[in-house]
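Quantities reported herein were computed from a predicted structural model and do not represent experimental measurements. FYI, side chains are in, hydrogens and waters are out, and symmetry mates aren't considered; it's all heavy atoms of this structure.
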Amino acid sequence: MNFGQALWETELGKMLAAAAFSMVPVVELRGGIPLAMLWGLSPLEAYVSCVIGNLVPVPLIIVYIRRVFLWMRRRFPRLGGMVDALERKAHLKGRKVLKYRYFGLFLFVAVPLPGTGGWTGALAAAFLNMRLRNAVPSIALGLMTAGFIVLVLTGSIVGVLT
C-alpha cells in the first residue's frame, strides 16, 4: 500500500482531500460538502474541512489578484479578454456589495448560489479596495453560513434518497 492509499483510508486524508476540492473556483464548498459526505465523512468533518479549504485562497486573492491579472495581461496577451471578463464580473458583483460594504459582502457570500462564494467575494473585495482585515471575517462568516445551508440541503437530499 502506498502513501496516497494509506492517507485516503484515514479520516484526515479524506478531510484534506475535501478541503483541497473546496479550494477550486466554482466548485468551492457547494461541491465539496456533498462530495465529502459521499466519501463517508461525518457532516461536521465535511463542514469544517470544506469551509477551511474554501477560506484558504481568500486572503491571497484579495492581496494578489490585481498583480496576477496584470502579469497575465503582460505575459499572455491572448488571455486579456478572459481577465477583462473576470474584472467585469467582480465589478458587477461588487455593485451589490457596495451599498452595505462588509455586511453586503457577508450576505453575498452566504447565499450558496452559482456566481457567489469565497472566490467571487474575494474578487469583489479586492476590486472595491476593501481592507483585508475587514473583508476576510465577512467572507469567513459568509462561508460558514453558506456551508451550513449546503450541509442542511445535502443532509435532506441524502435522507430522502436513503
Side-chain angles (χ1 to χ4, degrees), residues 1-69 71-72 82-83 85-87 89-90 93-94 96-97 102-128 130-159 161:
M1 178 181 296
N2 66 31
F3 177 74
Q5 287 174 320
L7 184 62
W8 179 251
E9 292 178 4
T10 67
E11 295 297 307
L12 178 61
K14 291 177 184 177
M15 289 177 72
L16 290 172
F21 195 75
S22 296
M23 289 182 199
V24 176
V26 180
V27 174
E28 300 187 46
L29 57 74
R30 292 180 300 267
I33 289 174
L35 187 62
M37 290 179 71
L38 280 172
W39 290 339
L41 290 177
S42 73
L44 180 62
E45 291 169 332
Y47 175 83
V48 170
S49 58
C50 291
V51 168
I52 290 171
N54 201 173
L55 188 58
V56 166
V58 166
L60 299 171
I61 294 166
I62 294 171
V63 172
Y64 295 111
I65 196 64
R66 288 185 172 185
R67 292 180 195 149
V68 169
F69 282 174
W71 176 82
M72 286 173 67
M82 183 189 75
V83 171
L86 288 171
E87 285 181 344
K89 179 180 179 180
K93 301 292 183 178
K96 296 176 184 175
V97 170
Y102 299 104
F103 183 68
L105 185 61
F106 157 75
L107 288 175
F108 177 75
V109 174
V111 178
L113 294 173
T116 67
W119 278 77
T120 310
L123 278 171
F127 285 101
L128 292 173
M130 293 182 159
R131 297 184 65 97
L132 182 68
R133 69 177 181 206
N134 296 328
V136 170
S138 295
I139 293 170
L141 288 172
L143 288 175
M144 287 188 271
T145 303
F148 181 75
I149 293 168
V150 171
L151 188 66
V152 168
L153 292 173
T154 302
S156 299
I157 291 169
V158 169
L161 295 176

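Side-chain contact check for Leu105 versus Met130: some heavy-atom pair is nearer than 4.5 Å. Using a 4.5 Å cut-off on side-chain heavy atoms (C-beta onward), Val111 and Leu107 make no contact. Residues Met37 and Leu151 have side chains in contact (heavy-atom distance under 4.5 Å, counting atoms from C-beta outward). Inter-residue side-chain proximity for Val109 and Leu141 is flagged as unmet; no heavy-atom pair is nearer than 4.5 Å. You'll find the side chain of Arg30 reaches within 4.5 Å of the side chain of Thr116, heavy atoms only.
Applying side-chain contact (heavy atoms from CB on, under 4.5 Å) to Phe69 and the options Met72, Arg66, Arg67 leaves one that passes, Met72. Of the listed residues (Asn54, Val51, Ile33), just one forms a side-chain contact (heavy atoms from CB on, under 4.5 Å) with Glu28, and that residue is Asn54.
Taking every heavy atom of both residues into account, Ala122 and Ile61 meet most closely at CB-CG2, 3.6 Å. The two atoms that bring Ala110 and Ile149 nearest to each other are O-CD1, 3.7 Å, heavy atoms only. Across all their heavy atoms, Ala46 and Ala36 have their closest contact at CB-CB, 3.6 Å. Between Gly118 and Val58 the shortest heavy-atom distance is O-CG2, 3.8 Å.
The closest donor-acceptor contact from the side chain of Tyr47 to the backbone of Val150 lies at 3.5 Å or more, if one exists at all.
By the 30° and 60° cut-offs, the orientation of the rings of Phe21 relative to Trp39 is perpendicular.
With sequence neighbours excluded, the residues satisfying side chain to side chain contact (heavy atoms under 4.5 Å, CB included) with Pro25 are Trp119.
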